[in-house]
Amino acid sequence: MTDNTPRNSLTLLGLGDMGTALARTWLAAGHRITVWNRTAAKAEALAAEGADVATSPAEAVAASRLVVLCLLDDASIGSALQGVDLTGKDLVNLTTGTPAEGRARAAWAEERGARFVDGGIMATPTMIGVPEAGGYVFYSGSRALFDTHRAALEVPAGARFVGEDPGHAALHDVALLSAMYGLFAGISHAYALIDGEDIAPKDLAPLLSEWLGAMGFFVGSTAERLTSRDFTTGVVSSLAMQVAATGTLLRTAEEQRVSPELISPYLELMRRRLTADPAAHGGEDTAGAITLLKR
Ligand code: NDP
């Protein structure tokens with residue numbers, strides 16, 4: 001298809017906190033940007049900063065070949081782009097969604113004659129346009145689209161292409177976020193345990209950070225064990241020992257009058273793995289318990 005839009009022009013639909021941060025970064029980098037937002041007032045400040053403001057999604061999409069979506073959720077994409085001609089467009093979807101939503105949206109875009117890449121933003125709006133903040137975006141889907149627009153996509157934050165399956169950007173995003181919430185749960189429980197004691201949270205903080213850093217080895221060692229399916233070689237903290245120790249964790253929670261709700265699911269998973277076959281699993285690393293999670 002012929003592309004008559006200027007090389008560094010792009011369209012952005014969605015000017016919430018994230019969309020506005022993205023728009024400002026592209027503007028600051030000298031890109032010509034056309035924006036649209038359902039609530040028009042949110043585009044006013046950007047118009048003053050040099051953005052072209054479209055009055056409808058169709059007008060916005062028509063303005064550029066590269067069309068970036070940063071709306072609330074997948075359903076809002078369907079409603080914003082209903083009936084809009086997407087033929088020949090390159091859609092980059094930075095709206096958070098599930099892997100299945102990413103795949104369905106890719107098929108939807110293809111049916112409408114557009115190329116599609118899904119994205120998962122690993123940054124907050126304050127990290128956008130601030131390279132030293134370390135934020136980045138996972139991308140997956142059309143490699144050709146990604147290669148065509150790589151320079152523009154690298155403006156707001158780092159760009160990491162994780163494959164042609166359009167579900168994989170969301171999958172990477174959600175895998176990292178899920179691990180983060182597990183970490184937050186453990187940290188929350190630790191602070192609850194000392195609450196009311198003569199231990200200042202700020203004194204526990206460096207110890208906790210240091211300990212979590214030291215335990216970070218679990219990320220790599222688990223990857224190796226899941227790849228080799230060897231859960232026993234070189235184990236120095238066996239599942240049997242760890243399950244025995246969970247009683248201490250639960251009794252301490254009780255003594256400190258803290259609900260065990262944030263840590264008990266993982267303790268229970270370890271116990272289930274052990275009791276299924278103590279002779280086979282007692283000497284394992286806790287990574288073996290992951291095999292119980294898949295439904
Ligand atoms: P906001 O809630 O600030 O903005 C939501 C945007 O979606 C607004 O532009 C809103 O328009 C628009 N919208 C909602 N429903 C519809 C609809 N039915 N039709 C058209 N437009 C609609 O969210 P953010 O900007 O913070 O987030 C945008 C995306 O980025 C989300 O998917 C979010 O998960 C993701 N993200 C956000 C991060 C963050 O820290 N903020 C971090 C990583 C990802 P209107 O102004 O009219 O309400």
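Note that ligands are numbered from 1 as they come in the structure, with each ligand's atoms numbered from 1 the same way.
Cluster membership check: Leu46 shares its hydrophobic cluster with Val155, using side-chain heavy-atom separations under 4.5 Å among Ile, Leu, Val, Met, Phe, Trp and Tyr. Following chains of ILVMFWY side-chain contacts shorter than 4.5 Å, one can reach Trp26 starting from Val92, so the two form part of one hydrophobic cluster. Linking Ile, Leu, Val, Met, Phe, Trp and Tyr whenever their side-chain heavy atoms come within less than 4.5 Å leaves Leu69 and Leu22 in two separate clusters. Cluster annotation: Ile121 and Val35 are assigned to the same hydrophobic cluster (Ile/Leu/Val/Met/Phe/Trp/Tyr, side-chain heavy-atom contacts under 4.5 Å, transitive).
A salt bridge between Glu255 and Arg251 is absent, with no side-chain N of the basic residue lying under 4.0 Å from a carboxylate O of the acidic one. Ion pairing between Asp118 and Arg105 fails under the 4.0 Å rule for side-chain N and carboxylate O. Using a cut-off of 4.0 Å between Lys/Arg side-chain N and Asp/Glu carboxylate O, Arg271 and Glu268 are scored as salt-bridged.
The shortest N/O to N/O separation between Leu15 and ligand 1 falls below 3.5 Å. The distance criterion of under 3.5 Å between nitrogen or oxygen atoms is met by Gly16 with respect to ligand 1. Of the N or O atoms in Thr95, none lie within a sub-3.5 Å distance of an N or O in ligand 1.
No donor-acceptor contact under 3.5 angstrom links the side chains of Arg273 and Thr286, judged on distance only.
In this structure, Asp73 has no heavy atom closer than 4.0 Å to ligand 1.
Of the protein's non-hydrogen atoms, Leu71 O, 3.3 Å is the one closest to atom 31 (C) of ligand 1. Atom 39 (C) of ligand 1 has as its closest protein heavy atom Pro125 CD, 3.5 Å. Atom 36 (N) of ligand 1 has its closest protein heavy atom at Thr96 OG1, 3.8 Å. Closest to atom 46 (O) of ligand 1, if we only count protein heavy atoms, is Lys42 NZ, 2.6 Å. Of the protein's non-hydrogen atoms, Met18 CB, 3.9 Å is the one closest to atom 27 (O) of ligand 1. Asp17 N, 3.0 Å is the protein heavy atom nearest to atom 3 (O) of ligand 1. From the protein, the heavy atom lying nearest to atom 47 (O) of ligand 1 is Thr39 OG1, 2.5 Å. For atom 19 (N) of ligand 1, the closest heavy atom belonging to the protein is Ser79 OG, 3.6 Å.
Residue Ser76 approaches ligand 1 through these ligand atoms, each under 4.0 Å from one of its heavy atoms: 15 (N), 16 (C), 17 (C), 18 (N), 19 (N), 22 (C). For ligand 1, the atoms lying closer than 4.0 Å to a non-hydrogen atom of Ala123 are 42 (C), 43 (C). Those atoms of ligand 1 that come under 4.0 Å of a heavy atom in Gly14, given as number and element, are 9 (O).
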> Can you check side-chain contact (heavy atoms from CB on, under 4.5 Å) on Leu91 and Val117, steps first, answer last?
Replying inline: CA-CA 6 Å; Leu91 290 190; Val117 157; over 6 Å; no
> Under the ring pair (Phe, Tyr, Trp, His ring centres under 6.0 Å) criterion, do Phe161 and Phe146 qualify, and how do the steps go?
Replying inline: CA-CA 8 Å; Phe161 190 79; Phe146 181 76; 5.0 Å; yes
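The residue Ala75 has no part lying near ligand 1, judged by heavy-atom distances below 4.0 Å. Counting heavy atoms under 4.0 Å from ligand 1, residue Met122 does not touch it at all.
Nearest-heavy-atom check against atom 8 (C) of ligand 1 across Leu72, Ile121, Asn37, Thr124 picks out Asn37.
The two residues Ser238 and Gly283 come nearest to each other via the heavy atoms CB-CA, 4.1 Å.
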